[in-house]
Amino acid sequence: MDRYSRQILFKKIGEEGQKEIAKKHALILGVGALGTHTSETLARAGVRKLTIIDRDYVEMSNLQRQHLFTEEDALKKWPKAEAAKKRLQQINSEVDIEAIVAQADAALVERIIEDVDLLIDGTDNFETRFLMNDIAHKYNIPYIFGSCVGSFGMAFTIIPGETPCLQCLLKKLPLQGQTCDTVGIIAPTVQMVTAHQSAEALKILSGNRDTVRKTFVSFDLWDNEYVSLKTGALKDKACLSCGEDCTYPFLQADANTKVAVLCGRDAVQIRPAEGESLLLEQLAERWRSAGYEVGGNPFLLSIVKEGRSLVFFKDGRALVHGTKNLDEARRIYHSLIG
Amino acid sequence: MDRYSRQILFKKIGEEGQKEIAKKHALILGVGALGTHTSETLARAGVRKLTIIDRDYVEMSNLQRQHLFTEEDALKKWPKAEAAKKRLQQINSEVDIEAIVAQADAALVERIIEDVDLLIDGTDNFETRFLMNDIAHKYNIPYIFGSCVGSFGMAFTIIPGETPCLQCLLKKLPLQGQTCDTVGIIAPTVQMVTAHQSAEALKILSGNRDTVRKTFVSFDLWDNEYVSLKTGALKDKACLSCGEDCTYPFLQADANTKVAVLCGRDAVQIRPAEGESLLLEQLAERWRSAGYEVGGNPFLLSIVKEGRSLVFFKDGRALVHGTKNLDEARRIYHSLIG
Amino acid sequence: MNKILLFAHLKEQAGSSNLTFDVSGKTVRELRDYLESETDLGSLAGIMIAINEEFATDETVINEEDVIALIPPVSGG
Amino acid sequence: MNKILLFAHLKEQAGSSNLTFDVSGKTVRELRDYLESETDLGSLAGIMIAINEEFATDETVINEEDVIALIPPVSGG
C-alpha cells in the first residue's frame, strides 16, 4: 500500500477510504480530453476496475489536450480506448482496465452496467450525456457531469434521488454548435473540469458521500471567473429521467439520434432525437469565424470538413456525403454540432 | 500546425499567439506533482524549450499524483527530471527538453537563466520558492507560484514591477510542517493548482499579459471552497526582493539553508536560513497524527524516517544520523518540515 | 438595476462580459424574451439562468439588485 | 460580529471550518494575539490574513461585519 501512502495520509480518506476505493468500479464514457485525465487520476488512485468506452481514434490535433496519448499513438491512429489502456497499465498494473472501442449506446451500456459504482462524463456531446443521465437514474449510480470549450467549463455531480438530473437542468438537448472543433479549447480548461470531477469521484469512491459538492461549478480560466450555483430549484418532479413517473427516454431506441446510410447513395443521414431544430444563422456565423467556408440558403447550410461535404437542415437533419461509414459520419456531425 | 489547431481556434491565442508560444522557453523548478503536470501541458501546447530541474528520483509513492511517471520509472529509481524528459519527448518531439538532475541553487539557476521567459513553481519547499522569487525579480521574469497539501492549494502569478512578490506576501520562510509527507495529498488538488498555473503560463507565453489573473487563488476541493484574494496592500516598497533597494537575499550563498556532513560522524547537519525557530510541540503533534513515533524533550524532537534517525532543535537545526549524503539528508528534512 | 453576467460565447455576442438592465419584476421567461429583442445575444433558448448564485426556473421573478448569470451549456470534452 | 474562515490545518486545530468573534476595532496584529490566546489555533505567525477578499497588513483595522480569512502557506508540490 506504500504507493497510495500520500492518499492514505489524507485523513478524509485514510486506510478505510483506500480500502473502499480498491473495491470500486468506475465507468468513463469517452476518453478524449476529459476522459484521459479522469481515467489517469483514478488509475493512479488505485480503483479496482476502470471501464473506458470511446468510438474514436487518436489524431495529432488531440495531443494538445488529451493526456495519455503520444505522437506514436496518433501516427498509428490507435483507437483511443486501447491507447489509453496501454498507458494506464504502465502507470498502474494493479487496476483492471477494460477498453471498449464502440459507440456508447443504451444497449452496450446496459449490458456492462451491473457492478459499476460510478459514471464519469468524458464525452463531447449531449446525446451521450443524456444517455448516461438516464442510466444513472435507472440503476441508481452517481454520475459526474463535465464539459468545456475555450477557457470555459462546468462540472456537476448528480446523485439519483437527491440532486436535480441533467434533464432537469437543461430540459432538452442543447444544440448550440459550441464545440472544441468550432471555438477551440485550451488544456488548462480541461484540467480544471477534471480536477473537480476527480475530487468528487474520490469522495464517492472512498465512501464520503456527505462531502460531495452540492453546487454546479462554472468557470472561465482566461477571464478569471468562478461561480458556484445552487441547483435545488430546478429539480422537477415531472422529469421523465428522474421524476415520479420516469420513463428514461434516452434509453429508448427511437429517442436517440438516428444514423443511416442513404438508400443507393454514398451518403449518411443523421437525424437527431425529438425533432430538434437548428439555428442555421448562428451556426453559419460560428463556423465561418472558425475558418470554415459555409454555403447554403435559408433552408440549409453546406460545409466541407475532413474531405466530406455536409448539409444541415433546419429540422436538425444532416447529410454526410462521400461516405457510407456511420461512425465517421456521426463523428464529423458531432464535431460540428456538439 | 494541425496538432495545435484547437489552441489556435481559441481566439485569445490564435495564429499569432501560437507563434509566440513556439518562441518561448519556460523553466520549471521541480518535477514532482506540480511540475509533471505543468511540463506536460506546456510540452503539449508547443513551447520552444522546457528546462526542468529536480534533485530527486521516482518512487512508488509518487505515482498516485505525479503524472508522466510509470511503475518502471519507480522500479528503476529513474531521476525525475530524466524520466519526465523521456515521456515529454514521446508526447512532443518538437520541443527542446533540457533535464537537469541537481539541487536548484542560485549558482545553477543564474547560469542557465539567460533566455528564460517564464519561471514555474514545481517545488515542494519555500527555500527554493524564495530563490525563484529573487531570480524572477533580478532578471525581470514572471514567476507562477503554486503549492498544495491535502485538498488545499494556492496559486499566484508574480509579475516583477507590478504585483507584490512572494517575500512581500509571506515576509519570511514559513516552517509549518505541512507537507505531503505529513498530511498527505490527493491528486485533484495538484491538478487544480496546475490548471491555474498553466492557464497563466499560456497567457504570458502567448503575449496576453493583460489577462493575467491579479488575485491570489486559494481553494479546498474537499470542502468545496474557492477564494480569490486581492494582494495590492501587501506590496512592500522596502522589500529586499522586489523593493526600491533590493538585494535579492536568497541569491546570497549564506542566506540559504546550510547542509554539511558533521565532522567525524556519520551524520549531516542542516541549518535553515535566518535562524528560524521551530514550534516543536506543533510539529510533534502533526507527525504523531501522521503515524510517526516522535520522541524528545522540551529542547528537541527525535523521529525516524526512511531508516534515518533525525533530531530537530528549537533553533531550526536538524541532525540526520546514519548518512553522509547531503542530498538524502536534505530531502528527508524537507519531507518532514516543508 | 440588475447586473447580468455573461459566459462563454455570450460575451462575444454582446461584446462585453456583462450587461446592466433594470429587469426587476420580470420573470425569467420574460427576461429571455426581453434580452433577445433588446440585445445582440441571439437566441437564449437552452441557456441556463441563475439569480444570485442559484439556478432559477422560468417562473422565478427577478428582484431589484438581483445579479443574473447566463450560462450556456457547452458540449466539449 | 466577524466571521473568520479557516483553511488547511487551521480547521482541524479549531475543530470547525469557521469561527465567529467580535474583533472589530482591532488591528490584524491584535487579531493574531487575540486568536492565539482565545482559541486552539496555535501560533498564527506566518499565517496570511485577508479581510473581505483582500490581503491585509498587520496595521489594517478590522471593521464590523468584515469577513476574515486565515490562509496558511503550505509547502507541498
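Please read all numbers here as calculations on a predicted model, not as lab measurements. In what follows, every chain begins at residue 1, and chains take the letters A, B, ... in the order their sequences are listed. Worth knowing before you read on, the calculation uses all heavy atoms, side chains too, and leaves out hydrogens, waters and symmetry mates.
- Proximity to chain B is limited to the side chain of D/Gln13, based on heavy atoms less than 4.5 angstrom apart.
- With a 6.0 Å radius and a threshold of 12 heavy atoms from other residues, nucleotides or ligands, D/Asp33 has its CG atom above the threshold.
- Side-chain contact between B/Met154 and D/Ile71 is present, with at least one heavy-atom pair separated by less than 4.5 Å.
- Between D/Pro73 and B/Phe126 the shortest heavy-atom distance is CB-CZ, 3.9 Å.
- Looking only at side-chain heavy atoms (C-beta outward), D/Lys11 and B/Asp220 come within less than 4.5 Å of each other.
- Interface residue B/Glu225: only side-chain heavy atoms are found under 4.5 Å from chain D.
- Within the 4.5 angstrom heavy-atom criterion, only backbone atoms of D/Ala56 (N, CA, C, O) approach chain B.
- The contact between B/Ser228 and chain D is made entirely by backbone atoms, counting heavy-atom distances below 4.5 Å.
- Taken from CG in D/Asp58 to NZ in B/Lys171, the straight-line distance is 7.5 Å, to the nearest 0.5 Å.
- Summarising the local packing, CD of D/Glu64 is surrounded by 12 or fewer heavy atoms from other residues, nucleotides or ligands at distances under 6.0 Å.
- In terms of heavy-atom pairs under 4.5 angstrom with chain B, the leader among D/Glu53, D/Met48, D/Glu12 is D/Glu53.
- Taking each heavy atom of D/Gly76 and B/Leu34 in turn, the nearest pair found is O-CD1, 4.4 Å.
- Comparing B/Ala33, B/Ala233, B/Cys148, B/Gly32 by heavy-atom pairs within less than 4.5 Å of chain D, the highest count is held by B/Cys148.
- Remark: side-chain polar atoms of B/Ser147 are paired, donor with acceptor, to backbone N or O of D/Val74 under 3.5 angstrom.
- Two residues are said to be in side-chain contact when any heavy atoms from C-beta on lie closer than 4.5 Å; B/Arg129 and D/Ser75 meet this criterion.
- Aromatic ring pairs are classed by plane angle as parallel below 30°, tilted from 30° to 60° and perpendicular above 60°; the pair D/Phe55 and B/Phe216 is perpendicular.
- In this structure, OG1 on D/Thr60 lies 8.0 Å from CG on B/Leu234, to the nearest 0.5 angstrom.
- At most 12 non-hydrogen atoms from other residues, nucleotides or ligands lie less than 6.0 angstrom from CD of B/Glu281.
- In this structure, no portion of B/Ile185 lies under 4.5 Å from any heavy atom of chain D.
- Using a 4.5 Å cut-off between heavy atoms, D/Ala8 touches chain B through backbone and side chain atoms alike.
- For B/Thr231, the parts lying under 4.5 angstrom from a heavy atom of chain D are both the backbone and the side chain.
- Within a 6.0 Å sphere centred on NZ of B/Lys230, other residues, nucleotides and ligands contribute 12 heavy atoms or fewer.
- Heavy-atom pairs under 4.5 Å with chain D peak, among B/Asp236, B/Val190, B/Asp223, at B/Asp223.
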